[in-house]
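See structure below.
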Amino acid sequence: MKRHFDVLVVGAGSAGSVVASRLSEDRSCQVGLIEAGVMPSDPDIADPLKWTMLQGRAYDWAYRTVPQPFTANRVHEWPRGKIVGGSSCLHAMAYVRGHPADFEPWMAAGGERWSFSGLLPGFVRSEAFTAIDAPSRGRRGPLDVYLPDAEVSPVVRAYMAAGQAMGIPVLTDHNSGELVGTSPNSLNIRDGRRLSVADAYLPPEIMARPNLASLTAHEVEHLVLDGRRATGVAVVCDGGSMTISADRIVLCAGAVSSPLILMRSGIGDADTLKQAGIRCLADRRDVGRNLQDHLLVLGNVYSTNKPLPPSRLQHSESLMYLHGSDITRSKGSPDIVLACVVAPSAAEGLSAPPYGSAFTILCGVTHPTSRGHIAPSGPGRNDAPIIDPHYLETEHDRAVFRTALKTARTIGHHAALDEWRDVEVLPGSAVRSDADLDAFIAKAASTHHHPAGTCRMGGDADAVVDPDLRLNGFDNVFIVDASVMPTIPSGPINAAVVAIAETWATASASA
C-alpha cells in the first residue's frame, strides 16, 4: 500500500496529538498521523488513582537505562507510552507550565517565540481552566486543567500548613505567577477521569475529519531520504513493510524515539552509528545527546499514627517548589521540589509500610546539570536503545539533592504534621551524615518520567533543529516534542510540550 500526505506526523503522543489536530483544521491539508500503539482500551488508564499501576503493560515501551554508577549501579525502568495519547496516558496528570526564567535558555537558543511570553499564547490556547479568571489563563482550550479543593487529603493540607508555618509562600496554583511555593496540584482531569492530550485534542469528531488519517499499530523503521529531503517514512504494520510518503514530515515521537528514528535513518554521530551497524548519511554529532531528566527520591516515608484515608485524586496531590538556600524566598526559578504523596512511596529494593498507614514526601532537583545520551544498539526498530542519563554525575546535582532531602525531612517533622506522623521509616533516624544521605539518595532516586533535550534546538551549527524546529541539513523534516528542549523546565514537562506544539503548529499553518 502506498499513501501520500501533505504532512505526516510521526507519534500520537502529547505533541503529535496537538500538531495533527491543529494542522487538520485546514481542510485543504491532508494530514497522516502514525502511531506505533493503538487506541486506549484499558479502563485503568482513565482512573487517576491507578497511574502507578500502568507500567509494564502492553502499551508501555518499557525502556531501561544502563547501570548508573551514582545511583548504586542500578538499572532504571523508563516507562513511556506506546499508545494514542503517548505518555499522557501514563503520567501523574500534574499540569505545571514552569517558571518564566526556565525559558530564558530557550529564547537564547531560538528567539523570542520560545521565551515564556512567546509560548504564553500556546499555553492559553491549550487550556480550559475556570478556577481563576485571568488574561494569562485559557478558558476555552481543549485541555482541562482542574484545580482541586475539597478533595485534597487532610495529610496534604497538614504538609502545606507546615510549609506555610515555615515561611514558604502560599500560591493559588502553580501556573498563575511565581512558581515558588506550595499549592494543590493542577491536574489534567475531567469529570474525575484522566484526560490525556489525545482525549483533549483528538476526540471522535476530530478523528472523523476527512483530511485526517490515523494510522495506528504502524512502527517506524526510518526516514526515506533523498539528498536534503525526506520523501517518506518506512513502517511496519501487521508484519508487512511499506513506505508512506509526504511533502513534510514532523517527528513527534518524543525524547527517546525521535533521536532513535533519526539515527536509524543514518542521521547522527558517525562513530555512534558505526557501532550500531548503521551507515552514516549525515554526520550530526548532537543527535541523542543533551539528555536530561528529573529524578525524585522515593522517598521520605512516614508511618501514620492513625489510618490514612485514601487519596481522592491521584495520590501525589501537592508539589512544593523552593530555593534550597532560602525556602522563604518567593522569586526566581526554584532549584528543589518536594511532593506530598498520600501513600508509601519507596524505590525498588526499599521496604515501606502498607498502603493506608504511611505518607511520603518526595524530593528532587529541578535543574540537573548532569547530561546523558541515547543511542541505538543496532540498526532495527527492535534493537533495544542504549539509554544513559548519567544520573547524579555532577557534584552540583548530588549536593542539591542532599539539600532537597534535608528540607523534606524538616517539613516532615514539623508540628503541623504531628496529628498524622508516627515515625520516619525512610531513610530513618540513623541516616544523618552527608555520606549516609548520599548513600540513601543513590538507592532511592528514581525517574520523574521527564526525558528531554535529545534533539536540542539552537542557532549554532551543532544544534539538531533550528529555531523553526526544522532538522538542520534537511528541507522538510521537523521535530516537535520534548527532545527539542535545550534545557529542562522546573516541573513536569507535559504542559510545555503542548505549548511547543501549539506554537509550532500556529506558525506552520500561517507560513
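In this chain, residues are counted from 1 in sequence order. What you are looking at is a predicted structure, and each value in this text was computed from that prediction instead of being measured. Worth knowing before you read on, the calculation uses all heavy atoms, side chains too, and leaves out hydrogens, waters and symmetry mates.
Qualifying side-chain contact (heavy atoms from CB on, under 4.5 Å) partners for Asp199, counting only residues two or more places apart in sequence or in other chains: Leu195, Ser196. A search for ring-ring contact (aromatic ring centres under 6.0 Å, His included) contacts involving His222 returns nothing, not counting sequence neighbours. For Asn211, the side-chain contact (heavy atoms from CB on, under 4.5 Å) test picks out Ser24, Arg27, Gln30, Arg209, with sequence neighbours left out. Residues passing the ring-ring contact (aromatic ring centres under 6.0 Å, His included) test with His91: none are found, sequence neighbours excluded. For His373, the ring-ring contact (aromatic ring centres under 6.0 Å, His included) partners two or more places apart in sequence, or in a different chain, are His390. By the side-chain contact (heavy atoms from CB on, under 4.5 Å) test, Asp434 pairs with Arg402, Lys406, Leu437, sequence neighbours left out. Under the side-chain contact (heavy atoms from CB on, under 4.5 Å) criterion, Ser87 pairs with Arg80, sequence neighbours left out. Partners of Glu393 according to the salt bridge (charged side-chain N to carboxylate O under 4.0 Å, His left out) rule, which considers only residues two or more places apart in sequence or in another chain, do not exist here. By the ring-ring contact (aromatic ring centres under 6.0 Å, His included) test, His367 is found to be paired with no residue, residues two or more places apart in sequence or in another chain being considered.
Trp114 contributes a side-chain N or O that, together with a main-chain N or O of Pro467, makes up a donor-acceptor pair within less than 3.5 Å.
Pairs engaging residues 465-495 under the ring-ring contact (aromatic ring centres under 6.0 Å, His included) rule: Phe478-Trp504 [sequence neighbours left out]. Residue pairs meeting the ring-ring contact (aromatic ring centres under 6.0 Å, His included) criterion with at least one member in residues 256-280: none, sequence neighbours excluded.
Side-chain contact check for Ser377 and Asp383: no donor-acceptor pair (N or O, by modelled atom type) lies under 3.5 Å. At a cut-off of 3.5 Å, with distance as the only test, a side-chain donor of Thr369 or Thr394 sits close to an acceptor on the other residue. Between the side chains of Thr447 and Asp293, at least one donor-acceptor pair of N or O atoms lies under 3.5 Å. For the residue pair Tyr59/Ser41, the side-chain donor-acceptor check at 3.5 Å is not satisfied. Under 3.5 Å, the side chains of Asp481 and Ser258 contain a donor-acceptor pair of N or O atoms. Remark: the Asp247 side chain and the His4 side chain contain an N/O donor-acceptor pair separated by less than 3.5 Å.
Taking OH of Tyr321 as the reference point, atom CG of Leu338 lies at 10.5 Å (rounded to 0.5 Å). We find the CG-CD1 distance between Leu260 and Ile387 to be 7.5 Å, quoted to the nearest 0.5 Å.
Tested against Asp44 for a salt bridge (charged side-chain N to carboxylate O under 4.0 Å, His left out), the candidates Arg194, Lys50, Arg193 yield a single pass: Lys50.
Applying the 6.0 Å contact sphere to CG of Asn73 captures more than 12 heavy atoms from other residues, nucleotides or ligands. Within 6.0 Å of CG on Asp238 lie no more than 12 heavy atoms contributed by other residues, nucleotides or ligands. Surrounding CD of Glu25 are more than 12 heavy atoms belonging to other residues, nucleotides or ligands, all under 6.0 Å away.
For Arg456 and Asp286, the salt-bridge test passes: some basic side-chain N is under 4.0 Å from an acidic carboxylate O.
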Below 3.5 Å, can you tabulate the donor-acceptor pairs from side chains in residues 116-123 to any protein atom, sequence neighbours excluded?
residue	atom	partner	partner atom	Å
Ser117	OG	Glu112	OE2	2.6
Ser117	OG	Ser115	OG	3.1

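Aromatic ring orientation, His294 versus His448: tilted (interplanar angle from 30° to 60°). Trp78 and Tyr391 have tilted rings, their planes meeting at an angle from 30° to 60° on a 0 to 90° scale.
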